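Here the structure comes first, spelled out in structure tokens, and everything after it is commentary.
If you're wondering where the values come from, they're calculated on a predicted model, not measured in any experiment. Counting starts at 1 for both ligands and their atoms, following the listed order.
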Amino acid sequence: MIIDSHFHTLEMKKKGLSPRQVFLEDTSENDFWGGLDIGIRLEDFEERRNLLEEFPHIRLSLGLYPSEVELPNLDEKLKVLEKTLRMWSWSQKMGPVVALGECGLDLHWQYGTLKDQQVLFQNQIALSNKYNLPLIVHNRNATAEVLGCFMNNPPTAGGIMHCFSGSPKDAQLFLDYGFYLSFAGNLTFKNNNDLRTTLRYVPRDRLLFETDSPYLSPVPFRGKINRPGYVRYVYQEASKVLGIDTDVLKRVIVINFLRLFPAFGEDEKLRSFLARE
Ligand SMILES: [Zn+2]
């Protein structure tokens, strides 16, 4: 079973894919199991929730992406976020929301001011702690600043550094906070030896893989619209880089995913996969 720890269903839809069709195809064609549909705003939560009701192997994260700082009424939004978490989170009501994010800092696009971004991020770290939901962290050119927020307000529910692309030294700093590092399609890019070096450094029990669909397609689909089933190319590359069998790696990742998201612990498909010799 292969898991995609990070995709955006409704962004796939905006690119012209039918998410329902994609999930039906991907789950039947290969050993793709499911994963996390990641939120970036609050307004589309209802649609995501309805769409995914029929796919029990897909759960949701909910949060405010750094670009949301440019919109008015952030305090109101944070209140709505909290209210929605109280109603729909796994930790509160066994709901479909199992993580908080995607949130973090983006100094590449410089949404709002750094201060605005930090305030929005810190508020979400606090909610992650309060509702015991792992954080899905977006970090673009902001490693020191993200760590600064962690230092002010240490995350206690752990989480994922998504699309990790830092050095082994950066990796260690996030590992020290108990985070998992999720590698995406850029691991397959020919010129990305640095990232492959980082992958070798990360302890296997802290690894996850993702597509970030519809963005960042792996080789051989680079430049095309990405879809969750393509996470298998990230697994293939990682097993080559690490020199371990893909089947062994799949098992490692399932175990990691279940450790971070106990909400999936009852899943029959995953249980029988792990029970196999
Ligand atoms: Zn994302």
Legend entry - Pairs involving residues 148-161, ordered by first then second residue, that meet side chain to side chain donor-acceptor pair (under 3.5 Å) (sequence neighbours left out): Asn129-Thr156
Inset, instruction - Go around the Zn ion (ligand 1) and count every protein N, O or S atom nearer than 2.8 Å. - result: 4
Inset, instruction - Would you check, one step at a time, whether the test ring pair (Phe, Tyr, Trp, His ring centres under 6.0 Å) holds for Phe23 with Phe7? - result: CA-CA 12 Å; Phe23 291 125; Phe7 52 85; 5.5 Å; yes
Legend entry - Residue pair Glu70 / Gln110: nearest heavy atoms and the distance that separates them: OE2-O, 4.4 Å
Legend entry - Sidechain N-carboxylate O distance under 4.0 Å for Arg271, Glu268: no
Inset, instruction - Check the angle between the aromatic planes of Phe174 and Phe164 and answer parallel, tilted or perpendicular using the 30° and 60° thresholds. - result: perpendicular
Inset, instruction - Kindly assign one of parallel, tilted or perpendicular to the pair Phe264 and Phe261, based on the angle between their ring planes and the thresholds 30° and 60°. - result: perpendicular
